[in-house]
Amino acid sequence: MTSRIDQRFAALKAEGRAGLVAYVMAFDPDLETSLEIIKALPAAGADVIEVGFPFSDPMAEGPSIQKAAERGLKAGGSLKGTLDLVARFREADQTTPVILMGYANPVEHMGAEAFATRAKTAGADGVILVDLPPEEDLETRSALGGQGLSLIRLATPTTDAARLPVVLEGVTGFLYYVSVTGVTGARAIGVDAARAAVERLKRSTDLPIAVGFGVRDAQSASAVARAADAVVVGSAFVDVIAKAAADGAPVVEAVSAKVSELARAVRTAREQDKTA
Amino acid sequence: MDARKNWQDLPDASGKFGIYGGRFVPETLMPLVLDLEKAYAAAKADPSFQAEFDDLMTHYVGRPSPLYFAERLTQHFGGAKIYFKRDELNHTGAHKINNCIGQILLARRMGKTRIIAETGAGQHGVASATVSARFGFPCVVYMGAVDVERQKPNVFRMNLLGAEVRPVTSGGATLKDAMNEALRDWVTNVHDTFYIIGTAAGPHPYPMMVRDFQSVIGREARAQILEREGRLPDAVVACIGGGSNAIGLFHPFIADESVKLIGVEAAGEGLDKYNRHAAALAGGKAGVLHGNRTYLLQDDEGQILEGHSISAGLDYPGVGPEHAWLKDTGRAQYLSTTDDEALAAFQLCAQIEGIIPALEPSHALARLGEIAKDLGPDRVVVMNMCGRGDKDIFTVAEALGKKI
Ligand SMILES: Cc1ncc(COP(=O)(O)O)c(C=O)c1O
């Protein structure tokens with residue numbers, strides 16, 4: 001049986017379009033609302049869901065996702081709670097891939113094997129651990145692999161040709177290209193450089209390539225979607241959630257509208273190329 | 001021979017001390033830390049690098065620092081002879097400058113043009129600002145907003161030295177959060193920036209590199225005590241924040257198995273008070289933070305705790321990975337001191353030795369009585385007086401209910 005991630009990227013390829021990977025933080029602004037948000041994402045146009053599990057020290061995160069983690073922790077969020085959240089999402093959706101994203105320590109604390117088993121049971125498909133580079137990920141990667149889950153690796157503008165084979169070794173699922181040097185959400189993506197990077201990566205791997213960090217609007221999402229297999233958007237959605245929650249506005253509707261807007265941009269990006 | 005006793009060979013090629021250490025950084029930083037490792041290895045093998053380091057140690061820092069026989073404290077406790085390694089007499093008032101000299105020389109060698117640092121007590125920030133001024137680099141120091149408040153004199157010093165101090169308000173707004181923010185800066189400014197980490201923690205090669213630069217303390221102390229007493233000490237004692245002054249003192253004695261290595265952590269309001277101490281080795285569990293695997297204060301979900309200590313320099317929920325390994329192997333032992341005990345030791349030292357210690361080494365001082373008595377009168381103990389107390393007078397006055 002091929003994984004949900006592989007199936008989804010195969011379907012996107014067949015449709016001739018890029019996918020939208022939507023990131024939100026578990027327990028932001030609270031458990032039940034975040035479940036409703038995640039449930040609404042596929043209908044709004046998200047092809048893959050990344051669920052952040054809150055961590056006290058998110059060292060690669062910009063202010064938006066830092067604050068989301070603080071809200072999530074305040075609402076009682078944890079890795080265990082995030083796994084339970086994913087399990088509840090899975091009850092109603094068997095096809096949308098779910099990637100857990102966060103930092104190594106909560107996983108280390110749970111133990112790699114226990115985490116892999118629980119993630120599988122919950123219905124997660126992949127895991128991104130920001131501070132677990134290839135040199136340190138063998139135990140976690142093997143544990144996840146044993147359950148048929150992917151440990152998604154990151155490539156960055158500082159990953160040079162000499163290092164790329166280290167990043168690609170043993171990787172499954174997709175490759176996540178972090179398109180800016182910096183924290184999440186802080187810098188706008190350099191679209192041309194990102195597209196050039198995707199072309200470079202494509203020469204070294206057959207894996208689908210998702211591009212993220214710094215994609216905030218329809219224009220940049222569309223531009224990236226012309227080259228990459230998927231576009232990852234996080235801070236822009238998290239900001240909408242934060243604002244709606246603070247204003248007492250309907251959070252699920254607000255974030256769904258933003259997801260729809262960016263999904264449309266991603267879905268139609270290559271059509272524009274064709275008609276142009 | 002027990003492979004665990006190959007102390008001098010650690011860390012291994014992947015930066016590990018047993019299971020501790022390593023390089024737990026985002027991919028963006030990975031090529032940089034690998035680069036740094038290569039650059040440091042080349043510098044270490046280059047006699048001109050060591051010569052310049054030594055020259056600055058002598059003429060800029062004021063080394064060697066004296067090894068002082070604390071006669072009245074020895075009489076007071078009535079046990080082993082107590083010596084202070086006087087690193088508080090260094091330029092800028094603490095051991096932190098030793099490491100900063102080493103790292104700024106490396107930064108220059110690597111062609112970097114901008115310095116960042118994190119600081120808790122402000123001593124490492126001052127030392128980083130100092131070497132940045134001396135070598136003509138712009139310098140940004142991240143400091144928790146709480147620490148900016150409790151270490152005002154050092155904030156002003158950093159400003160005088162031309163550094164920009166950026167208060168950090170995320171998390172508990174102390175040293176851990178300052179380190180997060182410095183790492184975020186580094187991820188953002190990968191091409192021109194050198195991150196001077198202030199303690200023997202962080203991703204490999206930092207714990208090794210900081211240890212090597214700080215080992216000047218132990219090398220001098222070893223030679224000095226051999227000259228003074230004709231023998232090695234029975235114990236060497238140092239306070240532990242991240243563990244740089246302690247590992248600097250310990251490391252040159254590590255193969256001398258007769259020498260006890262004793263580190264003293266901050267017990268804050270008491271080890272039994274949840275999240276109200278900063279003793280990672282005594283009260284923490286292995287985990288991953290700030291680039292290394294080590295003992296960390298954390299909750300049942302693997303969230304890092306803020307911890308607490310009256311001493312801003314010890315107020316850190318982690319500890320350098322080499323100490324984690326020295327603890328597990330039993331080569332070193334780790335004690336702890338509460339805020340109140342540290343305050344009492346601070347005053348005692350001022351009153352009977354005429355030395356106002358920093359609050360950090362006051363934690364080591366507070367355990368000296370028991371250590372000296374346990375060892376007995378014919379024995380010798382060396383404590384690292386790693387910083388002077390000028391920066392702490394406001395904190396101490398407040399704790400004592402005095403207005404200044
Ligand atoms: C005087 C002094 N001693 C000790 C420390 C703790 O650091 P470490 O354990 O790395 O020596 C500090 C940190 O700021 C300090 O200023």
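Chain letters run A, B, ... following the sequence lines, proteins first and then strands; every chain starts at 1.
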Novice: With a 3.5 Å cut-off and no angle check, do the side chains of Y195(B) and E118(B) form a donor-acceptor pair?
Specialist: yes
Novice: For L31(A), is there any backbone N or O sitting under 3.5 Å from a side-chain donor or acceptor partner on S34(A)?
Specialist: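 Yes.
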Novice: Using a 3.5 Å distance criterion without hydrogens, assess whether the side chain of T193(B) forms a donor-acceptor pair with backbone atoms of W186(B).
Specialist: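 No, because the side chain of T193(B) does not come within donor-acceptor range (under 3.5 Å) of the backbone of W186(B).
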Novice: For R153(A), which atoms come within 4.5 Å of any heavy atom of chain B: side chain, backbone, both, or neither?
Specialist: neither
Novice: Is chain A contacted by the side chain of L305(B), its backbone, both, or neither, given a heavy-atom distance below 4.5 Å?
Specialist: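 Neither; nothing under 4.5 Å.
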Novice: Go through K67(A), R187(A), Q66(A) and name the one with the most non-hydrogen pairs under 4.5 angstrom from chain B.
Specialist: Q66(A)
Novice: Is A155(A) close to chain B through its backbone or its side chain, or both, or neither, when contacts mean heavy atoms under 4.5 Å?
Specialist: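 It is the backbone, since no side chain atom gets that close.
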Novice: Considering only heavy atoms, which portion of V107(A) lies under 4.5 Å from any heavy atom of chain B: side chain, backbone, both, or neither?
Specialist: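 For V107(A), no heavy atom lies under 4.5 Å from chain B.
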Novice: With a 4.5 angstrom heavy-atom cut-off, could you sort out which part of L73(A) is near chain B: side chain, backbone, both or neither?
Specialist: side chain
Novice: Main chain of L281(B), side chain of E265(B): is a donor-acceptor contact present, judged purely on distance under 3.5 Å?
Specialist: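 Yes: the side chain of E265(B) pairs with the backbone of L281(B).
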Novice: Highest number of heavy-atom pairs under 4.5 Å with chain B: which of L79(A), V180(A), V183(A), D131(A)?
Specialist: D131(A)
Novice: Do we see a donor-acceptor contact under 3.5 Å between the side chains of D217(A) and S220(A)?
Specialist: yes
Novice: Is there a donor in the side chain of H204(B) and an acceptor in the side chain of N292(B), or the other way round, less than 3.5 Å apart?
Specialist: no
Novice: For D185(B), is it the side chain, the backbone, both or neither that has a heavy atom under 4.5 Å from a heavy atom of chain A?
Specialist: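 Neither the backbone nor the side chain of D185(B) comes within 4.5 Å of chain A.
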Novice: Pick one of side chain, backbone, both or neither for L289(B), based on which atoms fall under 4.5 Å of a heavy atom in chain A.
Specialist: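 Looking at L289(B), just its side chain touches chain A.
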Novice: Is the backbone N or O of F27(A) less than 3.5 Å from a side-chain atom of D30(A), with the two atoms forming a donor-acceptor pair by type?
Specialist: no
Novice: Restricting to non-hydrogen atoms, name the atom on T199(B) and the atom on G243(B) that form the minimum distance, rounded to 0.1 Å.
Specialist: OG1-N, 3.3 Å
Novice: With a 4.5 Å cut-off on heavy-atom pairs, point out which of E61(A), M110(A), E136(A), E70(A) contacts chain B the most.
Specialist: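 Top count of heavy-atom pairs under 4.5 Å with chain B: E136(A).
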Novice: Identify which part of P54(A) has an atom lying under 4.5 Å from any heavy atom of chain B, answering side chain, backbone, both or neither.
Specialist: backbone
Novice: Under 4.5 Å from any heavy atom of chain A, what part of E306(B) do you find: side chain, backbone, both or neither?
Specialist: neither
Novice: Looking at Q303(B), R23(B), E301(B), R184(B), which one has more heavy-atom pairs under 4.5 Å with chain A than the rest?
Specialist: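 Sorted descending by pairs with chain A, the first entry is R184(B).
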